[in-house]
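Single-structure report; data block below.
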2 protein chains.
Amino acid sequence: MSEAAAREVTRARIEAAALELFAERDFDAVTADEVADAAGISRRTFFRHFATKADAVWGDFHEHVVRLEKKLAATDPEQPVLASICAAYVEVNDYADAELPLLRQRMRLILSEPALQAHSQVRYADVDRVVAEHVARRTGCRPDSLVPRLVALATRAAATTAFEAWLAGDGSLADDLHAAFDQLAGGFPTLR
Amino acid sequence: MSEAAAREVTRARIEAAALELFAERDFDAVTADEVADAAGISRRTFFRHFATKADAVWGDFHEHVVRLEKKLAATDPEQPVLASICAAYVEVNDYADAELPLLRQRMRLILSEPALQAHSQVRYADVDRVVAEHVARRTGCRPDSLVPRLVALATRAAATTAFEAWLAGDGSLADDLHAAFDQLAGGFPTLR
DNA sequence: TGCTGCGTGGCACTGGGTGCCACTAGCGTC
DNA sequence: GACGCTAGTGGCACCCAGTGCCACGCAGCA
């Protein structure tokens with residue numbers, strides 16, 4: 001086995017051990033030592049693979065952001081901006097059935113454990129940046145101006161809410177994403 | 001001086017020392033010991049007044065949430081829901097001119113320092129809960145269902161964006177809040 | 001055989017946060 | 001005045017996350 005592949009295997013084993021331990025106890029109640037032991041590596045090695053304990057929950061999130069960025073760049077310029085963002089979110093989150101239990105476990109942790117909820121803000125900042133840049137390209141204004149930033153943060157709010165609804169119910173994630181984005185794009189029609 | 005008042009004075013002194021140090025160096029580069037020294041108290045006492053180093057930046061945020069809750073409860077039932085939330089946000093954030101420099105310093109830290117950005121998520125969860133309950137009362141659905149949660153998270157996105165715009169520009173916070181809420185309530189009219 | 005690069009483990013150290021105990025100051029009661 | 005009560009405080013030891021440094025082992029390669 002090549003060294004690069006061996007590194008991936010180790011990383012995956014740490015990730016699996018971490019998710020299992022965090023699911024059976026609270027995130028804060030599990031030490032990095034315990035995760036390392038369960039994964040059969042040293043504490044020092046754990047922190048070589050994941051910068052923080054929280055990062056072990058996120059898998060390869062950077063790859064996720066890169067895929068979102070590509071989907072956004074490839075959208076039809078004629079399509080409304082919000083629809084293009086919704087479509088990109090749906091496509092990027094189109095998991096195979098076999099992956100859904102893992103996704104549920106991950107999202108349940110991220111949305112319910114305070115420490116992970118806090119950490120998520122840092123990871124999602126990348127998503128916000130990518131979406132704001134997309135909106136800025138489409139509208140011709142700067143990515144740090146009000147509308148791009150607002151659209152980025154509001155669409156992420158929609159995605160987060162859709163994940164909450166998906167976790168609480170038993171429908172499809174795509175349906176929940178569309179429901180949330182429809183509310184947003186329509187200015188919350190049910191509130192009138 | 002009564003003991004309760006003395007406690008408030010100590011708390012205020014810690015807060016002032018913390019803000020000053022965090023402003024002149026990075027948040028992470030300042031230790032709790034340094035803040036305690038600057039405030040003339042021990043490290044142990046620092047953590048009796050503030051649960052975490054980050055909390056020293058937030059002032060009495062709980063009181064802020066309580067005021068927001070009261071404003072929301074007192075809104076006119078005929079007023080559109082989003083407008084009532086916008087009005088409540090504006091009223092709760094109606095600071096005197098003399099307080100604005102402090103607010104700027106606080107928000108700049110919270111929005112730019114990653115550690116504080118992460119911590120903010122935990123504090124804002126209270127705001128989200130209060131807003132979602134308001135929407136749930138007004139619409140007759142449960143506070144953890146999709147629309148109340150989405151409105152809570154999306155309006156907070158609007159408020160956050162308004163704060164970013166306010167920090168970057170030199171207009172009034174109320175104007176920026178209204179601009180962001182107008183976009184949200186109108187389904188982002190400028191994107192069409 | 002020696003060299004190089006990389007993943008790893010061990011170890012010591014910094015810093016956030018907590019539990020525990022002892023001290024003190026203010027205050028009411030006998 | 002002596003006694004107890006309470007609240008804020010300081011000091012200390014401890015746990016745990018995260019980091020820098022060094023040494024080891026193992027692959028590939030000359």
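The chains referred to below are lettered A, B, ... by the order of the sequence lines, with proteins before strands, and numbering in each begins at 1.
In this structure, A/Val35 reaches neither bases nor backbone, as no heavy-atom distance under 4.0 Å exists between it and the strands shown.
In this model, the phosphate group of C/dG7 is not approached by any side-chain N or O of A/His49 to a distance below 4.0 Å at OP1 or OP2. Residue A/Thr10 places at least one side-chain N or O under 4.0 Å from the OP1 or OP2 atom of C/dT8. Close to D/dG10, at under 4.0 Å from its OP1 or OP2, lies a side-chain N or O of B/Thr45.
Where A/Asp28 and B/Ile41 meet DNA chain D, the nucleotide closest to each residue was compared, and B/Ile41 sits on the side nearer the 5' end.
The nearest whole Å value for the distance from the CZ atom in B/Arg13 to the C1' atom in D/dT9 is 12 Å. Spacing between atom CD of B/Glu8 and atom C1' of D/dA7 amounts to 14 Å, rounded to whole angstrom units. In this entry the distance linking CG of B/Asp26 with P of C/dG16 reads 14 Å, nearest Å. In this structure, A/Asp37 places its CG atom 15 Å from C1' of C/dT8, rounding to the nearest Å. The nearest whole Å value for the distance from the CG atom in B/Asp33 to the C1' atom in C/dG17 is 12 Å. Atom CG of B/Leu21 is separated from atom P of C/dG16 by 12 Å (rounded to the nearest Å). Rounded to an integer number of Å, the gap from CD of B/Glu34 to C1' of C/dG17 is 17 Å. Distance A/Phe46 CZ to D/dG18 P: 8 Å, rounded to the nearest Å.
Residues A/Asp126 and A/His62 have side chains that never bring a donor and an acceptor to within less than 3.5 angstrom of each other.
Aromatic ring pairs are classed by plane angle as parallel below 30°, tilted from 30° to 60° and perpendicular above 60°; the pair A/Phe181 and A/Tyr89 is tilted. Taking the six-membered ring for Trp and thresholds of 30 and 60 degrees, B/Phe61 and B/Trp58 have ring planes more than 60 degrees apart, a perpendicular arrangement.
Residues A/Asn93 and A/His64 form a side-chain contact, since some pair of their non-hydrogen atoms from C-beta on lies under 4.5 Å apart.
Which of D/dG11, C/dG10, D/dA17 sits closest to the side chain of B/Arg48 comes down to D/dG11. Side chain of A/Arg44, nearest nucleotide from C/dG17, D/dG10, D/dC21: D/dC21. Residue A/Phe47 places its side chain closer to D/dT19 than to any other of D/dG10, D/dT19, C/dG16.
Contact of B/Arg43 with C/dG16 (side chain to base): a donor-acceptor pair of N or O atoms is detected under 3.5 Å. In this model, no side-chain donor or acceptor of B/Arg7 finds a partner on the base of D/dA7 within 3.5 Å.
Remark: A/Arg149 does not engage A/Asp144 in a salt bridge, criterion side-chain N to carboxylate O under 4.0 Å.
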